[in-house]
Amino acid sequence: MILNRHSVLKMILPAIMLMLYANVVCSQTALYNQYKHRTDIRVACIMQYPLTDSLKTDITLFEPKTKEDLWPMVQELGLGLDKDEVYNQFGQEKRYTLYTYNVRKDNIKKCFGPITSDEDYKNMSILAYNYNMGVIVIFHNIDTKERYGIITDFLIKTLKQPDLLPKTSNRIDEHK
């Protein structure tokens with residue numbers, strides 16, 4: 001059987017497309033895949049988000065679609081925040097501190113607890129909630145004490161430059 005160029009392309013192209021699709025699916029965080037079907041919140045997955053010129057990490061974002069969806073999202077993810085404080089600070093021009101803490105890599109609804117060894121960094125993620133934007137950002141791939149420090153420094157920097165914090169849209173349209 002003689003194969004011409006066109007026949008070879010017809011055989012190889014589907015295989016290439018399948019490999020590319022599999023790579024995209026595998027590249028999404030498990031957390032994103034768990035919540036992507038939701039209609040009340042926007043969920044986004046950013047792979048290799050640049051924190052510095054030399055450090056990138058995977059990030060999962062949660063943003064309520066309306067102001068009414070804000071509190072249920074905060075409750076569902078177990079942030080333990082005060083409802084009045086969440087609503088009063090949302091959309092305000094005054095800058096508030098970020099609410100951050102370490103969570104379990106396999107369950108962001110559970111606090112990680114104290115870091116007792118270098119191995120702990122491999123089993124945790126960092127959760128950050130921005131009161132003004134109503135956005136929750138999960139930083140994955142902590143892995144080492146050094147990466148933990150760089151991510152923490154990045155979060156501190158976002159207090160002065162909030163536009164560094166990724167978001168899925170400019171703002172919730174309905175909060176005006």
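Quick note: residue numbers are just sequence positions, from 1.
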Nearest 0.5 angstrom please: [X] [atom1] to [Y] [atom2], how far?
X      : Y      : atom1 : atom2 : answer
Ile41  : Lys36  : CD1   : NZ    : 13.5 Å
Leu127 : Lys109 : CG    : NZ    : 12.0 Å
Asn107 : Gln34  : CG    : CD    : 8.0 Å
Tyr99  : Ile136 : OH    : CD1   : 10.5 Å
Thr152 : Phe139 : OG1   : CZ    : 9.5 Å
Glu68  : Asp40  : CD    : CG    : 11.5 Å

For a 4.5 angstrom cut-off between non-hydrogen side-chain atoms, does [X] reach [Y]?
X      : Y      : result
Lys105 : His140 : no
Asp143 : Tyr121 : no
Phe90  : Lys67  : yes
Asn130 : Val137 : no
Tyr131 : Asn88  : no
Asn102 : Ile126 : yes

TODO: Carefully, step by step, assess Phe154 and Thr52 under the rule side chain to side chain contact (heavy atoms under 4.5 Å, CB included).
DONE: CA-CA 8 Å; Phe154 173 82; Thr52 67; over 6 Å; no
TODO: Any chance you could lay out the side chain to side chain contact (heavy atoms under 4.5 Å, CB included) test for Phe62 and Val43, step after step, and finish with the verdict?
DONE: CA-CA 5 Å; Phe62 297 89; Val43 182; 4.0 Å; yes
Minimum heavy-atom separation for [X] and [Y], please, with both atom names.
X      : Y      : answer
Ala128 : Leu155 : CB-CD2, 3.8 Å
Gly134 : Leu70  : CA-CD1, 3.8 Å
Arg147 : Leu55  : NH1-CD1, 2.7 Å

TODO: Determine which pairs satisfy salt bridge (Lys or Arg N to Asp or Glu O under 4.0 Å) with at least one residue from residues 115-131, sequence neighbours left out, and list them in order.
DONE: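 For residues 115-131: Glu119-Lys122.
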Open item on the list: Check whether Asn141 reaches the backbone of Asp58 with its side chain - one donor and one acceptor, N or O, closer than 3.5 Å.
Closed with: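 Side chain of Asn141 to backbone of Asp58: a pair is present.
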Open item on the list: So does Cys45 get a backbone contact from the side chain of Thr60, meaning a donor-acceptor N/O pair under 3.5 Å?
Closed with: no
Name every donor-acceptor pair, under 3.5 Å, that has one atom in a side chain of residues 73-82 and the other anywhere in the protein, sequence neighbours excluded.
unit_1, atom_1, unit_2, atom_2, d
Gln75, OE1, Trp71, NE1, 3.1
Glu76, OE1, Arg38, NH1, 3.0
Glu76, OE1, Arg38, NH2, 2.9
Glu76, OE2, Arg38, NH1, 2.8
Asp82, OD2, Asp84, N, 3.3
Asp82, OD2, Glu85, N, 3.0

Open item on the list: Hydrophobic clusters here meaning ILVMFWY residues chained together by side-chain heavy-atom distances under 4.5 Å, can you tell me if Tyr101 and Val86 are in one?
Closed with: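 The answer is yes; both residues are in one hydrophobic cluster.
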- [ ] For side chain to side chain contact (heavy atoms under 4.5 Å, CB included), just list the numbers for Met124 and Ile115, CA-CA rounded to whole Å, side-chain angles, deciding distance to a tenth of an Å, and then say yes or no.
- [x] CA-CA 9 Å; Met124 62 187 263; Ile115 299 169; 4.0 Å; yes
- [ ] Could you walk me through whether Leu51 and Thr57 pass the side chain to side chain contact (heavy atoms under 4.5 Å, CB included) test, one step at a time?
- [x] CA-CA 7 Å; Leu51 299 175; Thr57 193; 3.6 Å; yes
